[in-house]
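What follows is a short report on a single structure.
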Amino acid sequence: MSQQSVVVIGSGLAGYAVARELRKLNSDIPITMLSADHGGFYSKPMLSNALATGKTPAAILNSDAAQMTAQLKIEIHTHTRAQEIDQANKAIKLENGGHLVFSKLVLAVGADPIRLPLSGDAVDDILSVNDLDDYRRFREALEGKKEIAILGAGLIGCEFANDLAGAGYQVRIIDISMQPLGRLLPTEAGKYLHDKLAAAGIQFHLNTQTQSIERRGHRYRLILADDQVIEVDLVLSAVGLRPRTTLAQTTGIHVNRGIVTNRFLQTQDASIFALGDCAEVEGKVLPFVMPITHAARAIAATINGTATPVRYPPMPVLVKTPACPTIVSPPDPAMPGSWQIDAQLDGLKALFRDEAGNLQGFALLGEATKEKNAIVSLLPPVIA
Amino acid sequence: MRKFQCMVCGFIYDESIGDPEHGIEAGTRWEEIPASWSCPECGVVKDDFEMVEMI
């Protein structure tokens with residue numbers, strides 16, 4: 001190899017975080033980024049509260065690909081997909097017929113929205129928002145609409161529901177779970193959040209699921225498993241994300257739930273790294289922003305010559321539901337222990353302790369969110 | 001008083017509120033925040049913020 005060269009596949013927060021951190025450490029190393037879309041830089045978390053903050057899709061775009069090329073001194077191939085990785089020759093075959101060689105490769109390809117297997121003639125009209133282009137389509141589709149159904153009461157579903165309700169839309173949210181944020185919150189906290197969101201005007205259809213969606217003029221009719229029928233103007237699906245693993249898989253890189261890496265964010269091929277929503281780091285798939293920041297720093301240092309394992313501090317997740325401010329750090333689901341609930345005057349504090357009495361997770365809602373820092377300092381690191 | 005937004009996660013630092021939980025008192029001007037301070041929500045450094053509003 002005559003010269004070091006780094007290729008980053010993906011231009012989301014993870015791809016840009018690596019490019020930015022590596023450029024801080026090394027002003028010369030060539031960095032090439034492949035982007036399946038326009039390649040511009042924006043903050044994905046801002047998509048789910050853009051109505052409340054008064055931001056248009058155009059305003060969310062922080063810098064386009066040309067600006068990022070200049071700012072980070074990198075090469076960006078927009079609207080370019082990788083087709084195959086040739087590990088032996090350290091080369092990438094592109095869908096457009098081109099080739100790229102690398103000495104280090106970073107997979108930052110993200111995740112795909114999960115689609116529910118529904119029946120009906122309007123399945124293809126269901127929108128989901130996973131990137132800025134999706135969000136632009138969603139905002140266009142919202143024009144002149146009033147009633148919105150959201151499939152999924154997880155983090156993204158609740159955030160969008162609150163944002164839409166705050167902007168005057170009538171929002172219904174449908175989930176198979178008994179409560180919103182079923183995978184993150186204990187029962188009492190889920191009920192607290194439910195009541196606050198319901199008071200903000202959001203209608204919940206819980207413990208059921210959508211079976212079919214049919215067109216009714218300009219509207220949609222949803223039939224739920226409990227035979228309820230609801231009619232709305234627009235349907236948004238937010239039932240979760242699945243790491244994009246196909247590229248890695250077809251080229252022999254180990255994949256489990258995500259692309260499998262060690263603490264150095266390396267796949268079994270030490271010159272190929274993965275981070276962000278597509279990665280499974282030491283058995284953990286963590287589709288949030290804070291792990292990206294830490295992973296990108298470790299990868300940049302390792303590529304620059306100082307082998308650096310990632311360390312994840314406690315990484316609480318902030319749920320952007322202004323009707324009920326919520327911060328949660330869910331315990332590992334396999335960990336034995338119990339929740340202790342402290343219902344307060346205008347908030348709720350839930351602490352999860354293991355059998356030895358050590359704090360392993362928490363949920364803070366409403367006024368209790370003010371205790372965040374004191375409680376976070378008691379949590380063990382996610383990866384020490 | 002001004003507001004600065006994290007380009008990565010959208011967290012807003014409002015000079016009038018500060019970040020008292022991390023030792024930054026209300027009223028602290030952006031220039032006075034140490035470079036070692038990081039975004040309380042996503043961990044990026046101060047350089048990755050930009051001014052969004054003068055109020």
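- B/D48 contributes atom CG, which lies 5.0 Å from atom CZ of A/R20 (distance to the nearest 0.5 angstrom).
- The heavy-atom pair separating A/S43 from B/G10 by the smallest distance is OG-N, 3.9 Å.
- Considering OG of B/S38 and CE of A/M290, their distance stands at 7.0 Å, rounded to 0.5 Å.
- Interatomic distance, B/Q5 CD to A/N62 CG, rounded to the nearest 0.5 Å: 9.0 Å.
- For chain B, no part of A/K320 is nearby; none of its heavy atoms comes within less than 4.5 Å.
- Between A/P45 and B/C9, the closest heavy-atom pair is CB-O, 3.6 Å.
- Residues of residues 17-29 of chain B that come closer than 4.5 Å to chain A, counting heavy atoms only, are B/E21, B/H22, ordered by residue number.
- A heavy-atom distance below 4.5 Å is not found between the side chains of A/Y42 and B/M7.
- Remark: the backbone N or O of B/G43 is not paired with any side-chain donor or acceptor of A/T293 at under 3.5 angstrom.
- Of the two parts of A/F288, neither the backbone nor the side chain holds a non-hydrogen atom closer than 4.5 Å to a non-hydrogen atom of chain B.
- Proximity of B/V45 to A/K24: side-chain heavy atoms (C-beta onward) are separated by under 4.5 Å at one or more points.
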